[in-house]
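Heads up: the structure comes next, in C-alpha cells.
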Amino acid sequence: MVKRFYVDQYVDQILAGNRVVLSRAITLVESKLPADQELAQQVINRLLPYSGNSIRIGITGAPGVGKSTFIEALGNYLILKEQKKLAVLAIDPTSQRTGGSILGDKTRMPVLATQLQAYIRPSPAGNSLGGVACYTRESILLCEAAGFEVIFVETVGVGQSETAVHSLTDFFLLLLLAGAGDELQGLKKGIMEMADALIITKADGSNLEKARVARAEYINALHLFPVPPSGWQVPVQLSSALENTGISEVWKSIQEYAQKMQKSKYWQEKRNQQHLYWFRETIRQTLEEKFFAHPEVAKHIKEKEQQVISGQLSAFAAAQELLNLAYK
Ligand code: GDP
C-alpha cells in the first residue's frame with residue numbers, strides 16, 4: 001500500500017527534485033487503484049507546465065548487445081562530463097510474463113545507480129505493452145518536472161516495444177552487434193527505419209575489424225531507405241562501452257539532431273504527433289477495457305468465439321453481435 005500525500009506535497013517536492021517523492025508519484029502512476037490513478041492525474045496535470053524540457057532518448061537492441069553497459073558508459077559521461085541530470089526508465093514487455101523486471105534494473109548499471117545525478121527506475125509490470133508504455137509516458141513527464149534533462153527509455157529489441165518507445169522519445173538509438181545477422185538480432189526493417197542512429201557495440205579488441213565491416217554494410221543498407229521526414233541523415237557509429245570509445249560521439253550526434261530539429265520545428269511537430277497518438281491510444285485502450293469488462297460481453301464472448309471457430313458465424317457478424325450487446 002502506497003502512502004499518499006496531498007497533491008500539493010507531490011507537486012512541491014517533485015519540483016524541488018525530491019527523488020523519494022518522485023518515486024512515490026511514479027508508483028501512483030503505475031497503480032491500478034482508481035484513487036491512486038485519480039491522484040496521479042491531478043499531480044501530472046499540475047506538473048505538465050514544468051515538463052517537456054528534456055531530451056528523450058529511446059535505446060533498443062537485442063538481449064546481450066550491450067545496452068546496460070552502454071547506458072552506464074553514456075550515462076556516466078553525461079553526468080560527469082556534461083553535468084546533466086539523467087533518468088533511466090524502461091519498457092520491458094517480458095516482465096509481465098516473468099513477474100520480474102529485466103530492464104532498468106539498478107544492478108545492471110552499478111556505477112550509474114550510485115550517482116546522485118542519475119535516477120534509475122525499473123520497468124513496471126503491466127498488463128499490456130500499451131499499458132506499460134502509458135505509465136512510462138507519464139513517468140517521463142514527472143522526471144522532467146523533477147529537473148531531469150536527459151531521459152533514457154530502454155527497451156529490449158524484440159520487435160513490438162520499439163513502436164511504443166519511438167512514440168515516447170525524440171531520438172531513437174538502435175544498438176547492433178557486428179556479425180550477428182539481422183535475424184539473430186530480431187531486426188525488422190521497420191525498426192531500422194525508426195532509428196535516428198545505429199550504434200555498433202563492442203567495437204574493441206578482435207571485434208573492431210568486424211565492427212568496421214558491419215558499419216559499412218549498415219551504411220549501405222540505410223541508402224535503400226527513403227529519406228526520413230526530418231531530413232536527418234542517420235549516422236552509423238562504433239562504440240565500445242568497455243574502452244569508453246565512441247561514447248561522446250554518440251552524444252554529439254544527439255545534440256546535433258536536437259539543434260537541427262529544433263531549428264526546423266520538426267522537434268515540436270514530432271512531439272505534437274506523439275501527444276495525439278497517446279490521446280487516441282488512451283481512448284482506444286479505455287474503450288477496449290470497458291468493452292471486455294461489460295457483463296453481457298463477458299457472458300457471451302466464449303460462445304461467439306466457438307461460433308466463429310465452427311463456422312456458424314463469420315468473424316465480422318460475431319463481433320457485431322457482441323458490440324450490439326455492449327452498445328445498444
Ligand atoms: P544487454 O543485455 O543488452 O543489456 O547487454 P549487457 O550490457 O548486459 O552486455 C552483455 C555482455 O556484453 C556482457 O558480458 C558485457 O560485459 C559485454 N559487453 C558490453 N559492452 C561491451 C563492450 O563495449 N565491449 C565488449 N568487449 N564487451 C561488452
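Both ligands and their constituent atoms are indexed starting at 1 by order of listing. Keep in mind that what you see is a predicted model, and the values were worked out from it rather than measured.
In terms of polar-atom proximity, defined here as any N/O pair under 3.5 Å, Leu242 does make such a contact with ligand 1. No N or O atom of Ser239 sits closer than 3.5 Å to an N or O atom of ligand 1. An N or O contact shorter than 3.5 Å links Lys67 to ligand 1 by distance. Close N/O approach between Phe70 and ligand 1 is not found [any backbone or side-chain N/O within under 3.5 Å].
Under the 4.5 Å side-chain criterion, counting only non-hydrogen atoms from C-beta, Trp251 is in contact with Ile55.
At a cut-off of 3.5 Å, with distance as the only test, a side-chain donor of Glu269 or Gln273 sits close to an acceptor on the other residue.
Ligand 1 is approached by Gly64 to a heavy-atom distance shorter than 4.0 Å. Taking 4.0 Å as the cut-off, Thr201 does not count as a neighbour of ligand 1 on heavy-atom distance.
Look at Glu256 and Lys252 and you find no salt bridge, because none of the NZ, NE, NH1 or NH2 atoms lies under 4.0 Å from a carboxylate O.
In this structure, Phe171 and Tyr257 have perpendicular ring planes: the angle between them is above 60°, well past the 30° mark.
When heavy-atom distances to ligand 1 are checked against a 4.0 Å cut-off, Ala62 comes that close only through its backbone atoms N, CA, C and O. Contacts of Thr69 with ligand 1, taken as heavy-atom pairs under 4.0 Å, involve both backbone and side chain.
Residue contact check: Ser68 has heavy atoms under 4.0 Å from atoms 4 (O), 6 (P), 7 (O), 8 (O) of ligand 1.
One N or O on the side chain of Trp278 and one on the backbone of Ser167 form a donor-acceptor pair closer than 3.5 Å.
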Trace of the salt bridge (Lys or Arg N to Asp or Glu O under 4.0 Å) decision for Arg284 with Glu281: CA-CA 5 Å; Arg284 197 189 60 71; Glu281 187 59 21; 2.7 Å; yes
Stepwise salt bridge (Lys or Arg N to Asp or Glu O under 4.0 Å) check, Asp170 with Arg271: CA-CA 8 Å; Asp170 305 309; Arg271 283 202 177 176; 2.7 Å; yes
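With distances taken over non-hydrogen atoms, the option nearest atom 17 (C) of ligand 1 out of Lys202, Glu154, Met109, Glu243 is Lys202.
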